[in-house]
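Each remark here refers to the structure printed beneath this line.
Chain letters run A, B, ... following the sequence lines, proteins first and then strands; every chain starts at 1. No experiment lies behind these values; they were computed from the predicted model shown.
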Amino acid sequence: MKETSKSPPDLKPSDELSAMRRALLAWYDDGGRTLPWRVRPEDRAKGITPDPYAVWLSEIMLQQTTVPHATPYWRKFLARFPTVTDLAQADRDEVLAMWAGLGYYARARNLHKCAGVVADDHDGVFPLTETALLKLPGIGAYTAATIAAICHDEATTIVDGNVERVISRIFMVQTPLPKGKSDLRALAAALSDPTLDGFERPGDYGQAVMDLGATVCTPRSPTCGLCPWSGDCAAKAAGVQTDYPKKTPKKKLPVRHGAAFVLRSGDAVLLHRRPDTGLLGGMMGFPGTEWGPKPKDDVIRAAEPTPRNWEQSAVEVRHVFTHFELRLSVFHSEIAAELRGEATGDVAIWAPLDRIKDYALPTVMTKVLKAAH
DNA sequence: CAGCCGTGGAT
DNA sequence: TATCCAAGGCT
């Protein structure tokens with residue numbers, strides 16, 4: 001025993017950790033979920049390995065996003081871009097348009113950038129080591145560890161929200177998130193320690209822990225009766241499962257106000273391209289005011305794309321972002337085709353309504369369009 | 001390193 | 001209606 005080791009409190013003995021791993025893999029082999037990007041254990045045993053490009057695509061889409069929401073996007077992307085080279089050669093605008101509705105649009109910008117790096121610097125072949133993956137844009141600690149484990153069974157330590165919840169309950173970690181992340185990582189690493197005892201399936205193990213968190217060890221009402229680690233869980237023993245993970249309380253969202261202008265001409269509407277960085281970066285939107293703490297009529301008038309008689313929609317658009325709630329007044333007007341002016345430049349675009357899906361309209365702007373009805 | 005960055009579903 | 005939060009990354 002190394003007394004100099006700074007291992008977290010209450011780490012279990014190594015033979016119990018090994019037993020837990022075997023129990024989890026048995027549970028996974030028995031009832032593992034079928035996901036379209038996943039190679040099932042029995043196929044894995046035959047030597048079938050997943051397409052790293054398809055796995056990468058799924059992992060980027062699944063960041064802070066539910067499986068049901070991401071899955072149709074994953075199918076659509078894989079059909080349109082069968083290889084990473086196909087994705088790299090696409091226009092970024094098309095990628096952003098296909099991503100519209102998924103949120104966290106920096107992911108889409110980095111996705112396209114990453115495809116370019118893989119195509120240019122790696123001959124279109126995805127790197128497979130955790131270290132190499134970590135250098136790519138949009139790939140952080142979680143995604144690098146997961147792709148490396150799933151695609152070639154590198155014995156990485158995977159820590160996502162599911163793992164944090166499961167581990168925090170097993171060991172009753174007291175330090176609230178996000179500060180407690182380092183403790184949780186250390187405990188997760190101990191459980192997936194490759195030097196311990198026959199850890200030959202890191203990919204299946206990682207997917208199994210995440211499945212456990214997603215389907216059994218859920219945030220609100222965990223079904224501990226189905227859990228292979230039920231007997232190893234300190235929180236279960238104490239009957240305090242849902243008290244974990246401890247988290248620091250969140251602040252209430254501030255409200256911001258603004259106005260948007262929907263200018264229609266025949267079958268087209270006027271769109272503006274948003275700046276490349278920041279909120280909804282690179283996406284399209286309707287011209288309008290800045291979004292500030294208070295609604296101001298003079299600011300609204302100054303933001304009109306062209307002086308007209310604007311009709312105000314009866315209902316304002318309400319939309320919740322990650323760090324504020326937005327309330328948008330919507331104004332709309334119709335203009336003759338001759339008066340459209342120069343609006344086919346890089347920033348302003350007349351978009352035909354019957355092809356609006358080809359434009360990178362985020363959900364909030366889709367709500368604005370509907371409100372202008 | 002704490003704040004920024006979307007959306008939709010469940011409770 | 002209010003709250004949480006989902007296979008996080010970047011700055």
Side-chain angles (χ1 to χ4, degrees), chain A residues 32-33 35-38 50 55-74 96 99-111 113-114 133-150 156-166 176-179 181-182 184-185 188 203 205-215 217-221 242 245 247-256 274-283 285 291 317-326 360-367:
Chain A
R33 290 195 295 176
L35 297 174
W37 45 85
R38 175 178 291 181
V55 171
W56 163 73
L57 196 55
S58 75
E59 291 300 339
I60 300 299
M61 288 181 171
L62 287 168
Q63 290 168 4
Q64 301 290 274
T65 306
T66 59
V67 168
H69 194 191
T71 298
Y73 286 82
W74 182 84
L96 291 180
W99 196 276
L102 250 193
Y104 285 132
Y105 297 100
R107 292 186 295 172
R109 302 194 297 272
N110 283 330
L111 186 85
K113 190 184 303 178
C114 181
L133 287 161
L134 207 43
K135 300 182 194 298
L136 296 172
I139 297 184
Y142 160 76
T143 306
T146 302
I147 296 176
I150 291 178
T156 60
T157 298
I158 297 173
V159 181
D160 72 332
N162 289 307
V163 176
E164 287 178 348
R165 183 170 55 257
V166 171
L177 289 171
K179 181 171 291 186
K181 187 140 187 166
S182 57
L184 291 169
R185 166 167 289 280
Y205 171 82
Q207 293 178 93
V209 192
M210 293 190 282
D211 274 9
L212 188 66
T215 65
C217 194
T218 55
R220 314 266 191 168
S221 49
T242 53
K247 292 193 175 183
T248 57
K250 299 174 182 177
K251 299 173 183 175
K252 261 186 59 182
L253 296 185
V255 179
R256 293 186 195 173
R274 300 177 59 85
D276 204 45
T277 57
L279 187 67
L280 309 177
M283 303 293 285
W291 301 341
V317 167
R318 298 180 68 157
H319 190 78
V320 179
F321 290 100
T322 309
H323 55 294
F324 67 93
E325 175 187 334
L326 178 64
L361 270 192
T363 298
V364 61
M365 292 301 165
T366 302
K367 289 184 182 177

- [ ] Tell me whether the OP1 or OP2 atom of C/dA6 has a side-chain N or O from A/Y104 closer than 4.0 Å.
- [x]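 No, because none of the side-chain N or O atoms of A/Y104 sits under 4.0 Å from OP1 or OP2 of C/dA6.
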inquiry  = Is A/H69 close enough to C/dA6 that one of its side-chain N or O atoms is under 4.0 Å from OP1 or OP2 there?
reply    =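 False: A/H69 side-chain N/O out of range (4.0 Å or more) of C/dA6 OP1/OP2.
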Any N or O donor-acceptor pair under 3.5 Å from the base of [N] to the side chain of [X]?
{"X": "A/T322", "N": "B/dG6", "result": "yes"}
{"X": "A/T65", "N": "B/dG6", "result": "yes"}
{"X": "A/R33", "N": "C/dA7", "result": "yes"}

Could you tell me if the side chain of A/R107 sits less than 4.5 Å from the side chain of A/L102, heavy atoms only?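 Of all side-chain heavy-atom pairs linking A/R107 with A/L102, at least one is under 4.5 Å.
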Check: A/R220 and A/T242 side chains under 4.5 Å, non-hydrogen atoms: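 Result no, sub-4.5 Å side-chain heavy-atom pair not found.
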Which of the following nucleotides, [options], is nearest to the side chain of [X]?
{"X": "A/K250", "options": "C/dA7, C/dC5, C/dG9", "value": "C/dC5"}
{"X": "A/P219", "options": "B/dG6, B/dT7, C/dC5", "value": "C/dC5"}
{"X": "A/H323", "options": "B/dC5, C/dC5, B/dT7", "value": "B/dC5"}
{"X": "A/N110", "options": "C/dA6, B/dG6, C/dC10", "value": "C/dC10"}
{"X": "A/R220", "options": "C/dC10, B/dG8, C/dC4", "value": "C/dC4"}
{"X": "A/R107", "options": "C/dA7, B/dG6, C/dT3", "value": "B/dG6"}
{"X": "A/L35", "options": "B/dG3, B/dG6, C/dA7", "value": "C/dA7"}

What's the [atom1]-[atom2] distance between [X] and [N], to the nearest Å?
{"X": "A/R165", "N": "C/dC4", "atom1": "CZ", "atom2": "P", "answer": "15 Å"}
{"X": "A/E325", "N": "B/dG6", "atom1": "CD", "atom2": "P", "answer": "16 Å"}
{"X": "A/R185", "N": "C/dG8", "atom1": "CZ", "atom2": "C1'", "answer": "12 Å"}
{"X": "A/R109", "N": "C/dT11", "atom1": "CZ", "atom2": "C1'", "answer": "13 Å"}
{"X": "A/L253", "N": "B/dT7", "atom1": "CG", "atom2": "C1'", "answer": "13 Å"}
{"X": "A/K251", "N": "B/dA2", "atom1": "NZ", "atom2": "P", "answer": "10 Å"}
{"X": "A/L361", "N": "B/dG6", "atom1": "CG", "atom2": "P", "answer": "14 Å"}
{"X": "A/F321", "N": "B/dG6", "atom1": "CZ", "atom2": "P", "answer": "7 Å"}

Have a look at [X] and say if it touches a base, only the backbone sugar-phosphate, or nothing, with a 4.0 Å heavy-atom cut-off.
{"X": "A/G101", "answer": "sugar-phosphate"}
{"X": "A/P178", "answer": "nothing"}
{"X": "A/T143", "answer": "sugar-phosphate"}
{"X": "A/K252", "answer": "nothing"}
{"X": "A/L280", "answer": "sugar-phosphate"}
{"X": "A/R318", "answer": "nothing"}
{"X": "A/P68", "answer": "nothing"}
{"X": "A/V364", "answer": "sugar-phosphate"}
{"X": "A/G278", "answer": "sugar-phosphate"}
{"X": "A/A141", "answer": "sugar-phosphate"}

Discussion item. Regarding A/E164 and A/K181, does a basic nitrogen lie under 4.0 Å from an acidic carboxylate oxygen?
Written reply: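 A salt bridge links A/E164 with A/K181.
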Can a donor-acceptor pair be found between the side chains of [X] and [Y] at a distance below 3.5 Å?
{"X": "A/N162", "Y": "A/R165", "result": "yes"}
{"X": "A/Y142", "Y": "A/Q63", "result": "no"}
{"X": "A/S58", "Y": "A/R38", "result": "no"}

**OP:** Sticking with atom P, work out how far C/dA7 lies from B/dC5, rounded to a whole angstrom.
**Re:**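 The same atom, P, in both gives a distance of 23 Å.
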Pick the P atom in B/dG8 and in C/dG9, then give their distance to the nearest Å.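 Rounded to whole Å, the distance is 22 Å.
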Pi-cation contact, A/W291 with A/R274 (under 6.0 Å, within 45°):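 Ring-cation test returns yes.
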Quick check on DNA chain C: between A/I139 and A/N162, whose nearest nucleotide comes earlier from the 5' end?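 Looking at the nearest nucleotide for each, A/N162 comes out on the 5' side.
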task: Report the relative orientation of the aromatic rings in A/F321 and A/F324; use parallel for angles under 30°, tilted for 30 to 60°, perpendicular for over 60°.
output: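 Geometry flag for A/F324 against A/F321: tilted rings.
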Checklist entry - Between A/Q64 and A/S221, which is nearer to the 5' end of DNA chain B once each is assigned its nearest nucleotide? => result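 Counting from the 5' end, the first nearest nucleotide belongs to A/Q64.
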